[in-house]
Every structure is written in C-alpha cells, then in structure tokens.
Undergrad: 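Sharing a structure with you now.
Every chain is numbered from 1, with letters handed out A, B, ... down the list of sequences.
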Amino acid sequence: MIAKTSVYQESALSRLRKSAAFGRQHIAGYLFISPWLIGFFLLTLWPIVRSFYLSFTEYSLLEDPSWVGLSNYEEIFLRDEIFKQSLKVTFTFVLFSVPLKLLFSLMVAMLLNRSIRGINVYRTAIYFPSLIGGSIAVSVLWRNMFDLKGYVNHVLGWFGIQGVGWLSNPDTSLATLVLLNAWQFGSTMVIFLAGLKQIPQDLYESASVDGANPLRKFFHITLPMLSPVMFFNLVLGVIGSFQMFTSAFIITKGGPANSTYMYALFLFEKAFKHYQMGYASALAWILLIIIAVLTALNFLVSKYWVYYESEGGRANG
Amino acid sequence: MRTQRSKNLVSQLVLPVMSFLMLYPVFWWIGASLKKNSEMGSPSIWPEEPMWENFTKGWFISADYNFTTFYANTLMMEFFNVLGGVVTSALVAYGFARLNFKFRGFWFSILLLTLMLPGQVTIIPQYIFYNNLGLVNSYIPLILPHFLGGGAFFIFLLVQFIRGIPRELDEAAKIDGASVYGIFLRIIFPLVKPALVTVAIFTFIWSWDDFFGQVLYLSSIEKYTVSLGLRMFVDQFEVQWGQLLAMSLLSVLPSVIVFFLAQKHFVEGIATTGIKG
C-alpha cells in the first residue's frame with residue numbers, strides 16, 4: 001500500500017529548463033510543506049522523544065519529572081494485573097472485530113458494487129451508521145438498547161430467548177462492543193468499493209468466455225486484485241482497534257469486572273485521572289512497540305498474499 | 001440466466017432487508033427520543049404519548065447552560081478546523097506532489113509512517129506542552145493541528161489526486177511565466193477543489209466526533225462542545241434517557257446534513273484519488 005513514489009518521466013529538454021529553477025524549487029518545496037513539517041517536529045517528533053524520556057520518570061504535572069529508571073516498566077510487567085487484563089481484553093477485541101469487520105464490509109461492498117435502480121439509496125442507508133458512528137451519541141444509543149430492560153431483550157423475548165444485561169454481564173460485554181464496532185463498517189466498505197470499481201471489467205469478461213463460474217472469478221480475479229486494498233484496511237483496522245476508546249469510555253467505563261477495560265482507556269485513566277504521566281508514557285511506548293511489531297508482521301506476511309499489478313506484469317490500470 | 005436471477009434476488013431482497021437492519025437502531029432512536037424513561041424498553045417504535053418536551057428540556061439542560069452555547073462553540077471550532085485543514089493540506093500536498101526538493105522522498109515516507117503512529121504516544125507530552133503554555137481549557141490544542149497540514153491522511157489523499165492532474169498544465173503555465181506559487185494558486189488549487197470538498201467533509205465530521213480531544217482539553221462548561229454537553233446527561237445520577245437520546249439525535253444532524261449535501265463525494269472522492277497500491 002505504501003506508495004512507491006512514482007518517478008515521473010520528463011523530456012530531456014524540460015529537465016534542462018528545470019535545473020535552472022532547481023535551487024528555487026528547494027526553497028519553494030520546503031515553504032509549501034512547512035506547515036506539516038512544523039507540525040511534525042512540534043506535535044509528533046518532539047513528543048515521541050519526550051514521551052520516551054518520561055517513561056523512565058515519575059511525573060504528576062505538579063513537580064518536575066524525577067528519574068526512576070526502569071521501575072515503571074518493572075511495575076507494569078511484573079506486578080500490574082490491570083495491565084495484563086487490559087492487554088487481554090484489547091487483543092481479544094482486535095482478534096474478533098478486525099476480521100469480522102473486514103469480512104462484512106467486503107461482502108457488503110460486493111453487494112453494493114452493481115448498477116441497479118436505487119443503489120444510491122442502499123449505499124446511503126448502509127453507510128449511515130458509520131457516519132454517526134464515532135460520536136458519543138451512538139455509544140449512548142447502544143448503552144440503552146442493550147440494557148437488561150432494553151430494546152434488544154424485548155425482541156429476543158418474542159423468540160422465547162431470555163436475554164441478559166448485555167453490557168452489564170462480563171461474559172457478553174466485550175462481544176457487544178465488537179458488534180458495535182462491526183456495525184460501523186462504512187469507511188472500510190467505501191474503500192473496498194473504490195477498489196472494486198478499479199478492477200478492469202474485461203478481466204471478468206474474458207474469464208466468462210473461458211467459462212469460469214462466479215466463485216472462481218471471486219477467488220482468481222476479485223480477491224487478488226483487491227488484495228492491496230484489503231491489506232490497507234487490515235493494517236489500519238488493526239492499528240485503529242488497538243486504540244478503541246470512546247465506546248469503552250462512555251458505554252461500559254471498562255466494566256463490568258474490567259471485562260471491557262481497553263488498553264487505551266487504561267492509559268487515559270493513568271494519565272489524566274491519576275496524573276501518573278511517567279507510568280502512562282511507559283504504557284504508551286509499550287503500545288507503540290506492540291503496534292509496530294504487528295504492523296511489521298503484516299507487511300512481512302503481505303508478500304505472500306498481496307498482489308500488485310505493476311509487479312504482476314500488467315500495465316498499471 | 002442463473003446470474004440474472006441471483007441479481008434480482010440481491011436487489012429485491014438482500015439489499016432492502018440489509019438496509020432496513022442497518023437503519024433499524026436509528027428508527028428506534030427517533031422514536032425513543034420521544035419516550036418516557038419507563039417506556040424505553042418497549043418494543044413499539046413510536047411512544048404511546050410523544051414527549052416533545054424531551055427536546056426542550058434537554059436543550060435547556062441546566063439553569064445556566066444550554067445547547068445553544070454548545071452548538072455555537074462547536075461550530076466556531078469547526079469553522080477554523082475546516083479552514084485550516086483545507087488550506088494547509090492543499091499547500092503541503094502541492095509541495096509533495098509537484099515540487100522537487102532535497103529529501104522529498106524521505107519526508108514523504110515519514111508522512112506515511114505518521115499515519116500509523118498511535119496517538120497515545122504523543123498525547124501526554126502534547127498535553128504537557130499545552131499545559132505549560134497555559135493553553136489547556138482553550139480551543140487552541142484542538143484547532144492548531146488543522147493549521148499544520150490537517151493530518152497525514154488528507155495530505156496523502158491530495159497528493160494522489162494532484163498526481164493525476166496532467167503536468168502539461170503546469171508546463172504551459174510555466175512557459176507563460178507563472179512561478180510555482182502562481183501555478184498553485186491558478187492551476188492546482190482550482191483543479192483540486194473536488195478533493196478538497198472531501199477533506200472538508202471528513203474534517204468536519206471527524207472533529208465533530210473527536211470526543212477524546214475535547215474531553216481532554218475543554219474543562220469549563222461554558223467552553224463545552226455538543227459531545228461534552230451530551231456527556232453531562234450520562235453523568236447525572238438518574239439518566240434522563242429520553243432527553244439524552246433527543247439531544248444526541250440533534251447532535252448527529254449537522255453531520256447528516258453535510259453528508260447529504262455532498263453525498264457522492266464520499267465514494268467518488270475516494271475512488272478518484274485512487275487508494276490502491
């Protein structure tokens with residue numbers, strides 16, 4: 001997915017003309033990207049370095065940070081039971097919600113990728129929950145619907161199923177959040193849809209001529225052609241799910257019995273409720289390393305299943 | 001023939017049923033915003049006796065504060081966010097897509113890497129930074145990033161888009177004596193407008209939903225945004241569900257309106273920028 005910066009071809013003549021203006025272009029180039037560059041140093045690079053330093057300190061905002069060496073990390077890995085719990089919860093969440101969301105959104109994107117009457121209405125209807133998904137409003141809605149006396153149990157009652165308090169029961173609370181996350185599959189789906197639209201139709205047509213059935217077409221054309229998009233969604237999905245915050249914060253507050261105590265929530269409370277900035281920085285660095293390792297793994301494994309047209313011999317479509 | 005039949009099945013059954021299922025919670029929500037607390041679990045969508053006062057009572061949440069303030073605050077913040085995001089992301093994207101400068105490739109890879117950086121790593125030092133400058137409990141920490149390129153995702157989107165604009169246009173303008181600044185203002189900026197609409201929409205919706213940032217940086221009630229106003233209901237001893245759902249329904253309206261005004265940009269805006277290997 002990460003763009004291989006396309007080297008643009010230019011004629012020798014224009015290259016010559018360019019070299020005169022090259023010096024000015026350096027300055028102009030840096031001028032144009034300066035907003036981002038300033039932001040990068042001020043709000044990204046410096047904070048990362050600072051956060052690494054803070055993770056070896058004790059710091060409550062009131063006094064200066066005091067150096068404690070590795071003791072934050074020791075505490076986290078050896079003694080902090082909540083750390084283990086939040087890690088377990090978060091991994092479980094990622095493990096279930098990412099594949100579920102990918103699968104579901106691919107399926108829906110394929111359903112929506114056809115030109116029939118009213119398709120725009122369906123697209124809008126299906127995208128709609130994602131449009132409002134990140135907002136606190138939806139968290140509130142779910143909290144109410146999945147209550148013991150809430151709407152969901154009423155409907156289950158019609159089928160003779162005795163519902164539980166979905167969010168107040170430690171066995172079902174995390175699954176309910178996974179479901180909520182999957183309900184908002186819209187942006188993943190839109191990216192799949194954009195990918196599907198770019199698959200050249202003639203591939204399907206020539207496959208039909210060769211007598212391929214829909215299943216074969218799916219596995220031999222759609223999936224390979226879509227694999228870069230799938231990879232993009234997978235990487236961002238994993239990264240995003242690890243940072244899941246709002247629904248745990250608003251709906252369950254991590255409970256019951258810490259069953260939905262997501263890592264991001266744990267970190268937030270350490271930092272901004274207990275003001276243990278050093279400890280929370282150590283947690284942030286552990287999260288960074290986990291995400292970096294998983295992303296690197298994703299990239300490594302991608303060689304075996306992601307298919308790039310430009311490498312496959314076809315001209316870039 | 002077989003595929004024809006399966007097509008009909010999909011369009012006449014699967015899609016309608018699915019749309020209905022997806023939207024059902026929303027329908028329920030609309031009905032529930034008019035219900036009494038005691039009626040919340042009832043399966044009927046429409047309440048026996050609609051409580052329109054959920055909307056008025058919810059709006060004037062306390063004697064001192066009401067949602068007029070919260071909406072005004074949020075819209076003010078949104079104005080700057082969208083303005084900053086649209087202008088600076090276009091500038092930066094033009095630099096990356098068209099100008100040749102030392103270490104361009106390096107900086108561009110860094111830009112893409114930041115897409116994957118979890119915000120938790122930077123949030124604590126950022127908070128300390130703003131705290132030292134006395135900027136906590138102001139909108140600056142929420143607005144400033146939008147004036148610094150508006151986010152790596154948007155820059156990437158626009159770079160892809162600008163790469164699709166024929167270079168001949170730049171060359172022609174250059175022959176006419178236009179500088180790189182002139183080319184940006186007169187050629188690229190007007191052509192990139194459709195993609196900028198996408199940037200504006202997403203900036204608007206994401207800022208509206210950015211609960212984490214707002215909860216962190218805004219602490220006094222007179223500065224609250226709509227999301228924080230909603231949270232005031234949740235923190236009450238006995239949650240007034242009807243009022244809460246009524247106000248949350250209103251809170252998603254701006255995003256919904258923006259969505260419908262620029263609906264086709266959602267799919268096409270992304271499709272044309274070509275998110276692909």
Side-chain angles (χ1 to χ4, degrees), chain A residues 1-2 5 25-26 28-30 32-33 35-36 38-39 43-44 47-48 50-51 111 116 122 124-126 128-129 131-132 134-137 140-141 144-145 149-151 154-155 190-191 193-195 197-198 228-229 232 239 243 245-246 264 267 271-272 277 280-281 284 287-288 291 295 308, chain B residues 10-11 14-15 18-19 22-23 25 28-29 40-41 43 88 91-92 94-96 99-102 104-105 107-108 112 114 116 118-122 124-126 131 145 147-149 155 171 180 209 211-212 216 227 230-231 234 241 244 248 251-252 255 259 263 266-267 270-271 275-277:
Chain A
M1 180 57 226
I2 297 309
T5 322
Q25 282 229 3
H26 279 300
Y30 275 97
F32 272 103
I33 68 161
W36 171 76
I38 293 169
L43 299 178
T44 308
I48 292 177
R50 184 83 185 146
S51 153
L111 281 179
I116 51 171
Y122 296 130
T124 308
I126 289 171
F128 194 83
L131 171 69
I132 53 177
S135 69
I136 175 183
V140 164
L141 176 67
N144 188 298
M145 284 184 72
K149 285 177 292 185
Y151 180 75
H154 239 285
V155 174
V190 168
I191 293 173
L193 198 56
K197 280 179 186 297
Q198 287 181 341
V229 178
F232 178 82
I239 293 173
Q243 301 176 63
F245 175 77
T246 307
L267 198 155
F272 301 108
M277 294 292 177
S281 296
L287 177 69
L288 177 68
I291 289 182
T295 307
Y308 288 106
Chain B
V10 165
S11 56
V14 180
L15 282 176
M18 185 138 172
S19 307
M22 290 299 288
L23 287 181
W28 183 85
W29 188 1
M40 276 306 155
T88 60
L91 286 170
V92 175
Y94 173 69
F96 275 121
L99 300 178
N100 225 335
F101 53 91
K102 229 176 179 162
R104 181 179 65 170
W107 288 122
F108 196 62
L112 292 178
T114 61
M116 302 180 194
Q120 281 82 359
V121 182
T122 50
I124 292 168
Q126 278 179 11
N131 189 43
F147 277 89
L148 297 174
I155 297 173
E171 297 292 332
V180 286
D209 288 351
F211 183 66
F212 189 93
L216 202 57
S227 297
L230 285 179
R231 200 176 67 129
V234 183
W241 282 109
L244 172 53
S248 20
S251 82
V252 298
S255 299
F259 176 75
Q263 208 208 105
F266 270 86
V267 173
I270 289 177
I275 291 193
K276 214 179 117 182

Undergrad: So which atom in B/V180 and which in B/Y94 form the shortest heavy-atom distance, rounded to 0.1 Å?
TA: O-OH, 2.9 Å
Undergrad: Give, as side chain, backbone, both or neither, the part of A/L141 having an atom under 4.5 angstrom from any heavy atom of chain B.
TA: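 Both backbone and side chain.
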Undergrad: With only heavy atoms counted, which part of A/I291 is less than 4.5 Å from chain B, the side chain, the backbone, both or neither?
TA: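 Contact with chain B: side chain only.
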Undergrad: As an exercise, state the distance from CD1 of A/I48 to OG of A/S281, rounded to the nearest 0.5 Å.
TA: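 If I round to the nearest 0.5 Å, the distance is 12.0 Å.
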Undergrad: Would you call the rings of B/F96 and B/F101 parallel, tilted or perpendicular if under 30° counts as parallel and over 60° as perpendicular?
TA: tilted
Undergrad: For a quick test of reading the model, state the closest non-hydrogen atom pair linking B/I124 to A/A280 and the distance between them.
TA: CD1-CB, 3.4 Å
Undergrad: Considering non-hydrogen atoms only, spot the tightest contact between B/G95 and B/R104 and give its length.
TA: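 The pair with the smallest heavy-atom distance is O-CD, 4.4 Å.
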Undergrad: Report which part of A/A271 has an atom under 4.5 Å of a heavy atom belonging to chain B: side chain, backbone, both, or neither.
TA: side chain
Undergrad: Heavy-atom cut-off 4.5 Å, strictly under: side chain, backbone, both or neither for B/S227 against chain A?
TA: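 Its backbone and side chain both get close to chain A.
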Undergrad: So what's closer than 4.5 Å to chain A heavy atoms on B/L91: side chain, backbone, both or neither?
TA: both
Undergrad: With chain A as the partner, which of B/S251, B/P25, B/G119 has the greatest number of non-hydrogen pairs under 4.5 Å?
TA: B/P25
Undergrad: Given a strict heavy-atom distance threshold of 4.5 Å, which part of A/T295 is in contact with chain B: side chain, backbone, both, or neither?
TA: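 It is the side chain, since no backbone atom gets that close.
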Undergrad: Please name the pair of heavy atoms, one in B/L230 and one in B/S248, separated by the smallest distance, quoted to 0.1 Å.
TA: CD2-N, 3.6 Å
Undergrad: Identify which part of A/L288 has an atom lying under 4.5 Å from any heavy atom of chain B, answering side chain, backbone, both or neither.
TA: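 For A/L288, the contact with chain B is made by backbone and side chain together.
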Undergrad: Counting heavy-atom pairs closer than 4.5 Å to chain B, which one of A/I38, A/T44, A/L43 comes out on top?
TA: A/L43
Undergrad: Please report the interatomic distance CZ(B/F212) to CZ(A/F245), rounded to the nearest 0.5 Å.
TA: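 Between B/F212 CZ and A/F245 CZ, I get 5.0 Å after rounding to 0.5 Å.
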